[in-house]
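Quick notes on the structure that follows.
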2 protein chains.
Amino acid sequence: MKLTRRQQQIYDYLAQNAEHFEHPPTLDELCRALGLRSRGSLHKHIQALVEAGLVEPMDRSHRGIRLVPQGPDEPGIPLLGTIAAGRPIEAVPQAETMQVPEVLLGKGACYVLKVSGDSMIDEGILDGDYVVIEQRDSARNGEIVVALIGNEEVTLKRIEQHPGQVILHPANAAMEPMRYSPDEVRIQGVLKGLLRRY
Amino acid sequence: MKLTRRQQQIYDYLAQNAEHFEHPPTLDELCRALGLRSRGSLHKHIQALVEAGLVEPMDRSHRGIRLVPQGPDEPGIPLLGTIAAGRPIEAVPQAETMQVPEVLLGKGACYVLKVSGDSMIDEGILDGDYVVIEQRDSARNGEIVVALIGNEEVTLKRIEQHPGQVILHPANAAMEPMRYSPDEVRIQGVLKGLLRRY
DNA sequence: TCTGTTGTTCTCCATCGGTTCTCTTTAGGG
DNA sequence: CCCTAAAGAGAACCGATGGAGAACAACAGA
């Protein structure tokens, strides 16, 4: 998710020189351009960039390294970071954006988070999925929300609100519903869409 | 549909010299111009360009190779219909398209299907989800594929191919893996991405 | 009808480039 | 100073790519 220094360098180099290449560079070509001697090493970095959604996955095709077109007309939704049950949102340093179909957007302001962990697996939300969140401070019972618990943890759960009690339901047989008093839980957004890459 | 290096070169050459040709060039003429010695090889590339919609299909006519005038590229990929385990794809009448993020696309031609049924629920593919499929006729073991079984049913399953036997694994505890002989199963595409709306 | 041109479909094959290892080196943080 | 994560070297693997060439079918013109 978060790029290492070298990965950032390599991405910058690609973004910088994208125009100058006749064809998308191969690993070997890029190696030479960067002064590396091992394809395997570079491959590791490129893999990381693919993971981050910055480079097109080259699925054993011999077609070179291509950047994913970073929204020319800027309809992208900001990718704010990673959400893991039980930990604050881990922000992504640079302002990364992601192209998202309009049908997945809500009416209000939206952003994207990458899911980490299996706490919603029974709802079909897997580790590594991207979720589209509409920024809101209230939700209807049964909606899946991004909730800030006690000003510390942020988590993605199905919400059930009663007078005097809020229950957050994980969707994982191994986990128990969690009960809080309403003032411990602040809703930050509700789930509007989901994207997954295979 | 993304081009290989050579395909791009050939297309560029055609686009470049379109005006300079008296008549649309024949395969032989293009071969000479490009320094190729085999018509068959060039034909393969031209076919790819036809697939990509860049060159007019020359259906056994002897009219030479003509480019398709390129309008502004229409975004979005076609939504072909609904896929349900055990029934043919139910086509959507009018040509509907859907905007899909670049990162979810493969390198080949892609289309979208709406999932109906719970047969892949344990993989996090739910009823009503949209799946992005890359059109292909082969797959690696472990990939999730759209498979045509016995020219009748179409289904979305994880595939495991052995010499003499093909196993399609549903991801639903209530269903059993299905075994077929290789000639009963035709792969139509592989799963590249998933979209869900809440 | 014959003949040469043009498109189509094969098979075969070399090479290149992506992938996957293992092992080593370097850098940075406690 | 030590430990771990990041980065690089290099070898082995194997499948995608692109080319050669032969055989064939469709068609046009003589």
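The structure presented is a predicted model; accordingly, all values stated were derived computationally and were not measured. In what follows, chains carry the letters A, B, and so on, assigned in the order in which the sequence lines appear, proteins first and then strands, with residues in each chain numbered from 1.
Under the rule for a side-chain contact (heavy atoms from CB on, under 4.5 Å), the partners of B/His162 that lie at least two apart in sequence or sit in another chain are B/Glu160, B/Ile167. By the salt bridge (Lys or Arg N to Asp or Glu O under 4.0 Å) test, B/Glu134 pairs with B/Arg136, B/Lys192, sequence neighbours left out. Applying the salt bridge (Lys or Arg N to Asp or Glu O under 4.0 Å) rule to A/Asp127 yields no partners; only residues at least two apart in sequence or on another chain are considered. Residues passing the side-chain contact (heavy atoms from CB on, under 4.5 Å) test with B/Pro78, sequence neighbours excluded: B/Leu80, B/Tyr111. The side-chain contact (heavy atoms from CB on, under 4.5 Å) test applied to B/Ser61 returns B/Met58, B/Arg63, not counting sequence neighbours. Residues forming a salt bridge (Lys or Arg N to Asp or Glu O under 4.0 Å) with B/Lys44 (at least two apart in sequence, or on another chain): none. Applying the side-chain contact (heavy atoms from CB on, under 4.5 Å) test to A/Ile187 and every residue at least two apart in sequence or in another chain returns A/Ala139, A/Val145, A/Ile159, A/Gln161.
Rounded to 10 degrees, the angle separating the terminal axes of the helix from C/dT1-D/dA30 to C/dG30-D/dC1 is 30°, with each axis obtained from five end pairs.
For residues 170-183 of chain A, the side-chain hydrogen bond (donor to acceptor under 3.5 Å, both in side chains) pairs, not counting sequence neighbours, are A/Ser181-A/Asp183. Within the structure, salt bridge (charged side-chain N to carboxylate O under 4.0 Å, His left out) contacts touching residues 6-28 of chain A (residues at least two apart or in different chains) are A/Asp28-A/Arg39.
Per the geometry, CZ belonging to A/Arg37 stands 17 Å off P belonging to C/dT24, to the nearest Å. Atom-to-atom, NZ of B/Lys107 to P of C/dG17 comes out at 16 Å; the value is rounded to the nearest Å. What separates CG of B/Leu42 from P of D/dG18 is a distance of 12 Å, to the nearest Å.
A/Leu36 comes within 4.0 angstrom of sugar-phosphate atoms only, judged by non-hydrogen atoms across all strands, and of no base.
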Readout for nucleotides 3-14 of chain C: B = base within 4.0 Å of protein heavy atom, S = sugar-phosphate only, - = neither; 5' to 3' it is --BBBBB-----
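Rounded to the nearest 0.5 Å, atoms OG (A/Ser119) and CE (A/Met175) are 5.0 Å apart. Interatomic distance, CG of A/Leu126 versus CZ of A/Arg196, reported as 4.0 Å (0.5 Å rounding).
In this model, a side-chain donor or acceptor of A/Ser38 finds a partner on the base of D/dG10 within 3.5 Å.
Listed in residue order, the members of residues 2-21 of chain B having a heavy atom less than 4.0 Å from DNA chain C come to none.
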